[in-house]
Amino acid sequence: MYKIPANTLFIGKQLVFVPECHSTNTLALQMTQNKSATEGTVVITNNQTAGRGQRGTSWESDAGMNLTFSIILMPGFLAPKDQYYLTIFTSLALRDYLEGKIHPGVTIKWPNDILVHEKKICGILIENQVQGSHFIATVIGIGLNINQTRFAKDTATSLKLITNREIALEQALHELLGYVEARYIQLRQGKWSDLREEYLSHLYWRKERHRFSSGLTNFEGVIKGVDDSGKLIVETSEGLSYFGNKEITFIQ
Ligand code: BTN
């Protein structure tokens, strides 16, 4: 499985397939450390047994049903302070791919959950290797639910649940890598404000009034956007507040 290199310029030309592993992100990080990866190397498995998610959570995926893979990039053109653009371009690429299959209803829940009709279809875990003021490498881990139809949480969904069709995983990977490469090239070309605007335009709950919690407090607010460091900007009765990744929960 996953033997054919992607039909791209560089992402997925080196494809490392392991039938089973704990986490493709962990494997990819090891490869960047021992210098066995080139830019665009993709590490993919059929059975990820200890998948890692954001905020220290785990990522569950039934063997052989979904895409679980990591892309190694070396964005030397990006300063570590601008790392949020990695989240932006990756979320947009996933959204591009899904929008071709499902329309409308694909949104990006800040910072980088991809939702379809309000259910999570894809999770992204980006882990950076930075030295001083330079990027050595970044590992972009993607878990995209394709053919699995039963989930432990009813907030999860898959392409099959939505379209009622089975999709070949290798084909899905190739298509998706094409979108990732196109968005990464856009970033490399410096089209940051275009990427940012597009990302904001697809943000879940943007400009709507909803309930959130932060620490022990529940409050109502309206998502206004995201600042340069990636913090979520929410307008509440007390004015604008800025939240980092672990500092806010969406309620309803
Ligand atoms: C999230 O919490 O939403 C992020 C989930 C990211 C899961 C992917 S699956 C491939 C890669 N390897 C991991 O261990 N995690 C990421």
Side-chain angles (χ1 to χ4, degrees), residues 1-2 6 11-12 14-33 37 40-73 83-84 86-95 97-98 106-116 118-129 137-148 151-159 169-170 172-174 176-177 179-180 199 202-204 230 232 244-250:
M1 228 191 148
Y2 303 112
I11 295 185
Q14 189 190 3
L15 206 57
V16 179
F17 169 64
V18 284
E20 184 176 301
C21 71
H22 287 148
S23 156
T24 58
N25 261 39
T26 306
L27 218 53
L29 283 167
Q30 282 162 2
M31 287 177 71
T32 62
Q33 272 149 12
T41 296
V42 168
V43 182
I44 188 159
T45 187
N46 245 346
N47 189 16
Q48 184 170 254
T49 54
R52 296 189 287 109
Q54 288 175 49
R55 309 182 189 203
T57 57
S58 59
W59 182 258
E60 314 291 337
S61 178
D62 284 358
M65 302 301 263
N66 305 309
L67 286 177
T68 44
F69 66 101
S70 304
I71 306 170
I72 297 168
L73 293 172
Q83 59 187 261
Y84 195 63
L86 298 172
T87 297
I88 292 183
F89 99 81
T90 310
S91 309
L92 282 173
L94 262 307
R95 199 193 158 275
Y97 168 77
L98 288 167
V106 188
T107 52
I108 302 167
K109 182 175 173 194
W110 176 87
N112 56 10
D113 284 348
I114 312 298
L115 306 187
V116 175
E118 315 221 337
K119 291 195 173 195
K120 181 161 168 174
I121 194 165
C122 176
I124 299 167
L125 178 67
I126 300 179
E127 297 183 290
N128 296 322
Q129 277 188 333
T138 181
V139 169
I140 298 184
I142 297 174
L144 176 60
N145 297 333
I146 305 271
N147 293 320
Q148 186 172 332
F151 294 93
K153 294 184 190 156
D154 72 354
T155 47
T157 192
S158 70
L159 265 176
L169 295 180
E170 192 155 16
L173 175 72
H174 286 189
L176 183 50
L177 293 180
Y179 287 108
V180 173
Y199 171 86
H202 297 302
L203 218 50
Y204 179 65
L232 188 71
N245 201 357
K246 294 180 185 156
E247 296 167 357
I248 187 169
T249 308
F250 290 41

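Note that ligands are numbered from 1 as they come in the structure, with each ligand's atoms numbered from 1 the same way.
Atoms of ligand 1 lying under 4.0 Å from any heavy atom of Gly53, numbered from 1 in the order shown and given with element: 1 (C), 2 (O), 4 (C), 5 (C). Heavy-atom proximity to Asp113, at under 4.0 Å, picks out these atoms of ligand 1: 3 (O). Each of the following atoms of ligand 1 lies closer than 4.0 Å to a heavy atom of Ser23: 12 (N), 13 (C), 14 (O). Those atoms of ligand 1 that come under 4.0 Å of a heavy atom in Thr24, given as number and element, are 10 (C), 11 (C), 12 (N). When each atom of ligand 1 is checked for a heavy atom of Gly51 under 4.0 Å away, the hits are 14 (O).
Counting heavy atoms under 4.0 Å from ligand 1, residue Thr26 does not touch it at all. In Arg55, neither the side chain nor the backbone holds a heavy atom less than 4.0 Å from any atom of ligand 1.
Inclusion of Arg52 in the set of residues having an N or O under 3.5 Å from an N or O of ligand 1 is warranted. Where the criterion is an N or O separation shorter than 3.5 Å, residue side chain and backbone included, Lys120 meets it with respect to ligand 1.
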Take Thr45 and Phe69 through the test side chain to side chain contact (heavy atoms under 4.5 Å, CB included) and record every step on the way to the result. CA-CA 6 Å; Thr45 187; Phe69 66 101; over 6 Å; no

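Ring pair Tyr199/Tyr84 is perpendicular by interplanar angle, where above 60° counts as perpendicular and below 30° as parallel.
In terms of protein heavy-atom proximity, atom 5 (C) of ligand 1 is nearest to Trp59 CE3, 3.5 Å.
Side chain to side chain, Gln54 and Asn112 meet the donor-acceptor criterion of an N or O pair below 3.5 Å. Inspection of the Thr68 and Gln48 side chains reveals no N or O donor paired with an N or O acceptor under 3.5 Å. Gln129 and Thr32 are linked by a side-chain donor-acceptor pair at a separation below 3.5 angstrom, with hydrogens and angles left out of the test.
Interatomic distance, Leu86 CG to Ile126 CD1, rounded to the nearest 0.5 Å: 5.5 Å.
The pair Arg52-Glu127 meets the salt-bridge criterion, with a side-chain N (NZ, NE, NH1 or NH2) lying under 4.0 Å from an Asp/Glu carboxylate O.
In this structure a side-chain-to-backbone donor-acceptor pair under 3.5 Å is present from Ser70 to Asn25.
The heavy atom nearest to atom 2 (O) of ligand 1, out of those in Gln54, Glu127, Lys109, Glu60, is found in Gln54.
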